[in-house]
2 protein chains.
Amino acid sequence: MTPNKEDYLKMIFELNGTYKKVSNKEIVSGLKVSAASVSEMMTKLVKGGYITYTPYQGVQLTETGIAEASILIRKHRLWEVFLVEKLGYSWSEVHEEAELLEHVTSSTLSERLDAFLGFPEKCPHGDMIPKGTVVVDETVTYPLSALEVGQKACLYKVMDEKELLDYLIELDMHIGESFTLLSIGSYEGPIKIQKENCEIVHISQKAAQHLFVERLA
Amino acid sequence: MTPNKEDYLKMIFELNGTYKKVSNKEIVSGLKVSAASVSEMMTKLVKGGYITYTPYQGVQLTETGIAEASILIRKHRLWEVFLVEKLGYSWSEVHEEAELLEHVTSSTLSERLDAFLGFPEKCPHGDMIPKGTVVVDETVTYPLSALEVGQKACLYKVMDEKELLDYLIELDMHIGESFTLLSIGSYEGPIKIQKENCEIVHISQKAAQHLFVERLA
DNA sequence: GATAAGTTTTAGGTTTACCTAAAAATATTT
DNA sequence: AAATATTTTTAGGTAAACCTAAAACTTATC
């Protein structure tokens with residue numbers, strides 16, 4: 001897919017480069033490029049003032065870097081809302097399309113799109129849509145796998161990964177849906193939850209690690 | 001802007017490469033790249049089977065080339081409709097945005113966009129939107145500059161060029177608008193036309209060469 | 001603390017777009 | 001037809017992404 005500077009910045013952002021150092025290794029697996037390419041790009045991003053770099057330690061976004069990444073993420077998420085709400089895409093299909101659209105979106109276009117969509121707060125996966133270049137505080141969430149039995153929670157966001165999204169559609173689970181954790185299987189067995197309509201759903205441990213929930217009273 | 005193969009094909013199409021040979025020179029000015037670059041790209045397009053090339057004579061699109069170009073033009077024009085009708089752009093602003101969007105539009109996306117827009121027939125500049133890969137016959141039009149005094153005509157399409165489009169907005173002229181030609185100034189003087197609301201408009205000869213009209217009875 | 005394992009960097013090369021400048025081919029003018 | 005002008009091609013180079021393989025550095029293990 002040939003990521004460019006913008007993609008690197010976004011990846012660093014997604015790996016929490018806003019508040020901690022991110023290793024080259026993480027970027028390598030995130031973008032599926034060679035370690036050499038990452039190393040080379042980090043040098044360029046330092047020159048551009050987007051990141052600070054401690055060799056062998058990792059990179060962290062500067063203010064400029066955070067702003068750049070936020071703008072891109074904003075565009076990405078606005079397109080996702082558009083694709084789902086206006087064009088009838090399912091939320092598991094939108095990521096790849098948005099990935100391409102984001103890079104050719106002028107600021108004028110993103111502002112008008114935002115207005116057209118009625119200034120949405122969140123993308124279809126439940127992530128906040130940054131306003132301007134300001135990074136929005138995300139709600140405190142936990143992986144579903146970290147909950148205790150009996151805890152009531154609400155599905156808040158989902159890692160943006162096609163297979164996982166398809167799996168959720170199969171399970172008929174949606175963002176914003178509340179449920180109570182019934183039991184956690186041993187030996188990697190599935191987690192059992194009960195939805196508000198009393199339906200019982202079995203979720204693999206692996207998926208549970210990528211589903212983020214808000215604890216409810 | 002760094003045109004790629006798709007842009008070259010589209011440019012050849014727009015220079016009527018469907019039914020006649022197009023010179024390198026024309027492509028040079030159309031895409032604002034060096035003659036060397038055009039020459040190099042033509043070699044590649046021949047290898048890909050998109051064009052036939054007679055050295056020093058010019059290029060012509062093959063069936064494959066026509067199909068590729070039509071798909072791209074379809075995407076371009078659908079985006080233009082979207083930008084004007086849904087996002088409130090004026091028709092003089094949409095070309096550049098659509099130019100970028102068209103390249104990142106999957107066939108799924110273009111089909112869904114088409115449906116969302118209600119299967120429009122024409123883009124905001126009055127050009128037909130190709131359906132699938134089939135090239136649609138364009139209505140027979142003439143440059144406004146070729147009309148005779150007294151002829152009634154209808155503005156059908158406009159060369160997609162920002163300055164010209166802005167000029168038309170200034171003159172309050174719109175696609176589909178009917179008028180009668182009153183007089184043609186000598187010494188490159190303006191052409192005078194009378195709109196249906198009786199308003200009289202003066203159009204420069206230069207603009208008149210880039211405005212295409214349908215003759216009315 | 002020495003060895004092994006893992007990570008990052010450097011070195012050297014590829015691709016695909018671009019370019020300028022000069023050579024070759026064609027077209028036009030005298 | 002010869003000279004001039006225009007257009008196209010070729011030759012040689014740049015830029016920004018990529019890569020593999022080997023060297024350098026850091027961390028973990030024995």
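Note that this is a predicted model, so its numbers are computed, not measured. Order of the sequence lines fixes the chain letters, A, B, ..., with proteins taken first and strands second; residue numbering starts at 1 for each chain.
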Item to check | Test salt bridge (charged side-chain N to carboxylate O under 4.0 Å, His left out) applied to B/Glu80 - qualifying residues, sequence neighbours left out | outcome: none
Next on the checklist: Restricting to salt bridge (charged side-chain N to carboxylate O under 4.0 Å, His left out), what partner residues turn up for B/Glu14, sequence neighbours left out?
Outcome noted: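 For B/Glu14 there are no salt bridge (charged side-chain N to carboxylate O under 4.0 Å, His left out) partners, ignoring immediate neighbours.
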Checklist entry - Could you state the CE-C1' distance from B/Met42 to D/dT8, rounded to the nearest angstrom? => result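 After rounding, the reported distance stands at 12 Å.
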Checklist entry - Could you state the CG-P distance from A/Leu45 to D/dA16, rounded to the nearest angstrom? => result 13 Å
Checklist entry - So among B/Arg77, B/Lys75, B/Lys10, which one has a side-chain hydrogen bond (donor to acceptor under 3.5 Å, both in side chains) with B/Glu102? => result B/Lys10
Checklist entry - What residues in residues 20-31 of chain B put a non-hydrogen atom under 4.0 Å from any atom of DNA chain C? => result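 Nothing qualifies; none.
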Checklist entry - Atom NZ in A/Lys21, atom OG1 in A/Thr54: separation rounded to 0.5 Å? => result 4.0 Å
Next on the checklist: Around atom NZ of B/Lys86, are there more than 12 heavy atoms from other residues, nucleotides or ligands closer than 6.0 Å?
Outcome noted: yes
Checklist entry - Can you pull the side chain to side chain donor-acceptor pair (under 3.5 Å) pairs that have at least one residue in residues 38-52 of chain B, sequence neighbours excluded? => result none
Checklist entry - Counting distance only, does the side-chain N/O of A/Gln151 pair as donor-acceptor with the main-chain N or O of A/Glu148 below 3.5 Å? => result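 Not confirmed, A/Gln151 side chain does not pair with A/Glu148 backbone.
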Next on the checklist: Checking A/His210 now: which residues fulfil ring pair (Phe, Tyr, Trp, His ring centres under 6.0 Å) with it, not counting sequence neighbours?
Outcome noted: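 For A/His210, no residue satisfies ring pair (Phe, Tyr, Trp, His ring centres under 6.0 Å) once neighbours in sequence are set aside.
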Checklist entry - What does nucleotides 10-20 of chain C look like as a protein-contact string, B for base, S for sugar-phosphate only, - for none, at under 4.0 angstrom between heavy atoms? => result B-----SSBBB
